[in-house]
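Just so it is clear, the structure is predicted and the values come from calculations on it, not from any experiment. Letters A, B, ... are given to chains in the order of the sequence lines, protein chains preceding strands, and every chain is numbered from 1.
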There are 2 protein chains.
Amino acid sequence: MSKFAKPPSRSASKLPARKRAARPSVVPRAAKGRTATSPKTYHHGDLRRVLIAAALELAEEGGADAVSVREAARRAGVSPGAPFRHFPSRNDLMSAVAEEAQRRFRVSIAAAIAGTSADDPLARFRAFGMAYMRWAMTNPAHFEVISSGKYFSHDQSEALREDNDELIAMTEQLLMDALAQGQLRSSDLRVIKIAGRALVYGFARMKIDGHFPRWGVADAEADQMAEAIITLFVDGIARPV
Amino acid sequence: MSKFAKPPSRSASKLPARKRAARPSVVPRAAKGRTATSPKTYHHGDLRRVLIAAALELAEEGGADAVSVREAARRAGVSPGAPFRHFPSRNDLMSAVAEEAQRRFRVSIAAAIAGTSADDPLARFRAFGMAYMRWAMTNPAHFEVISSGKYFSHDQSEALREDNDELIAMTEQLLMDALAQGQLRSSDLRVIKIAGRALVYGFARMKIDGHFPRWGVADAEADQMAEAIITLFVDGIARPV
DNA sequence: CGTGAATGTAATCACTGATTACACAATTGA
DNA sequence: TCAATTGTGTAATCAGTGATTACATTCACG
């Protein structure tokens, strides 16, 4: 990928790299308390978490494909083989990154929904869709890792599947409530569900995949365009008054 | 990428590899006619096209990320450095692949639209959407190359941008006609355009990105689901009778 | 026929993910 | 207290990849 496009650099590595010259002797061992934030020992102490954080950072900087195990190790100040202890493969690291991202995603969505009235399911559905698109546009790299589906298998992670299933169940519940309150024109909730998902997912990906310029959508108006298409869709499925 | 996940193979290369042992001497030079299908000379004669074809093939086999310049060269029976003459970088190769794929895409769409009556713009709009989703689902790898937007820049290729602009213009024209005939509920064509695009693009990507299982859509019913969501959408934007 | 432009080869380089043997540290149990 | 076990990081290595250069060959055109 893009990692190969920058040969004349990197050799004089960025971060301090934590000199590793006089090694064979004993290690500083200064802070012995391992409160999850004490480096400088032979054993890192919190490598797993730091690697995930570094990977997230890399994804933010150059997209999901720019995440490399070695660079993550480098940023953690650790040898290239060290991550192997925690993640047998790059995909396992990406999977962990996805778990973290998905967790944040779910929290964000839940918060948005909580801020709306339970009396109006369709309004909640709208808010759901908007929160979905907003988060995706605000965290493009994370969203890409979650959704692109080529960095990991959903069967691998229990947490990942659970978080996802919860979002789907939430969608279904909102639609059932809306139908029960006579807010919907059609009763084929399954189709509405898939269509709604396709709409918000498609919009989010259009942004992430860089389609907006071609389609004449300025970044500054992305949010209001999201509002507009949600309105169009919801008005389309709502029972006319 | 996934290329790294298969170390114990590939060494005993697949295809015949066209033995390259006794090289320093003169080359067969049998068929001298260069009708675009005569190999066996020092100069390949049609490398560019063959490389694109090989790349398309690789994309079909293992997704867009599985495309490697070296493997394409290998399949073309040529040294790893040869493609450089035709494509300065991997992205340039991918760009050419995208051009080819986009051309096929446009042809397919145009054919589908041509098979509908010009008297009913909204029906054409529907057919457009269906053709879009069908092609994407039938040619997932090609579609990914075209749309993922990380293999090339749209500014690079004139043909690419033209083909794309034509599809967008087609969408706009159909909507204008539909509005003129009083088929639409709303007159905000821009929003309808973006929403429609997000819908079909999102559905196509859901399929390609492997979201269907999680959302309970079986592959066998993908086509009819596509019909259903298009119907839902079009009914939603159509003026009620 | 011969010369220059195209085009392929060979050989490198830096980078990546993966994997092993080894070194060191932390924990545990007697 | 101290040895053994278990966990965790290091060093070294391998094959694959994109990129780039110097060199070889061929083709096309004058």
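- Distances from the side chain of B:Arg70 to the nucleotides C:dG17, C:dT19, D:dG18 place D:dG18 closest.
- Checking B:Glu60 against B:His142 by side-chain atom types alone, a donor-acceptor pair falls below 3.5 Å.
- Of the candidates C:dG8, D:dT21, D:dG9, the closest approach to any side-chain atom of A:Ala82 belongs to D:dG9.
- For the pair A:Arg75 CZ and D:dG9 P, the interatomic distance rounds to 19 Å; values are reported in whole Å.
- The phosphate of C:dA6 has neither OP1 nor OP2 within less than 4.0 Å of any side-chain N or O from B:His86.
- The nearest whole Å value for the distance from the CZ atom in B:Arg74 to the P atom in D:dG16 is 7 Å.
- Closest to the side chain of A:Ser79, out of D:dG9, C:dT20, C:dG17, is D:dG9.
- Ranking D:dA19, C:dA18, D:dG9 by closeness to the A:Leu47 side chain, first place goes to D:dG9.
- Under 4.0 angstrom from either OP1 or OP2 of C:dT19 there lies no side-chain N or O belonging to A:Arg90.
- The side chain of B:Arg85 has D:dA22 as its nearest neighbour among D:dA22, D:dT10, C:dG17.
- The side chain of B:Val78 has C:dG8 as its nearest neighbour among C:dA18, C:dT12, C:dG8.
- To the nearest angstrom, C1' of D:dG9 lies 15 Å from CG of A:Asp46.
- The side chain of A:Ser68 lies closest to C:dG17 when the candidates are C:dT9, D:dT17, C:dG17.
- In this structure, B:Arg85 has no salt bridge (Lys or Arg N to Asp or Glu O under 4.0 Å) partners at least two apart in sequence or on a different chain.
- In this structure, the CZ atom of B:Phe84 is 13 Å from the P atom of D:dG18, given to the nearest Å.
- For the pair A:Arg190 and B:Glu221, the salt-bridge criterion is met [side-chain N within less than 4.0 Å of a carboxylate O].
- Under the rule for a side-chain contact (heavy atoms from CB on, under 4.5 Å), the partners of A:Glu99 that lie at least two apart in sequence or sit in another chain are A:Ser157, A:Ala159, A:Leu160.
- The side chain of B:Ser89 approaches D:dA19 more closely than any other nucleotide in the set D:dT10, D:dA19, C:dT19.
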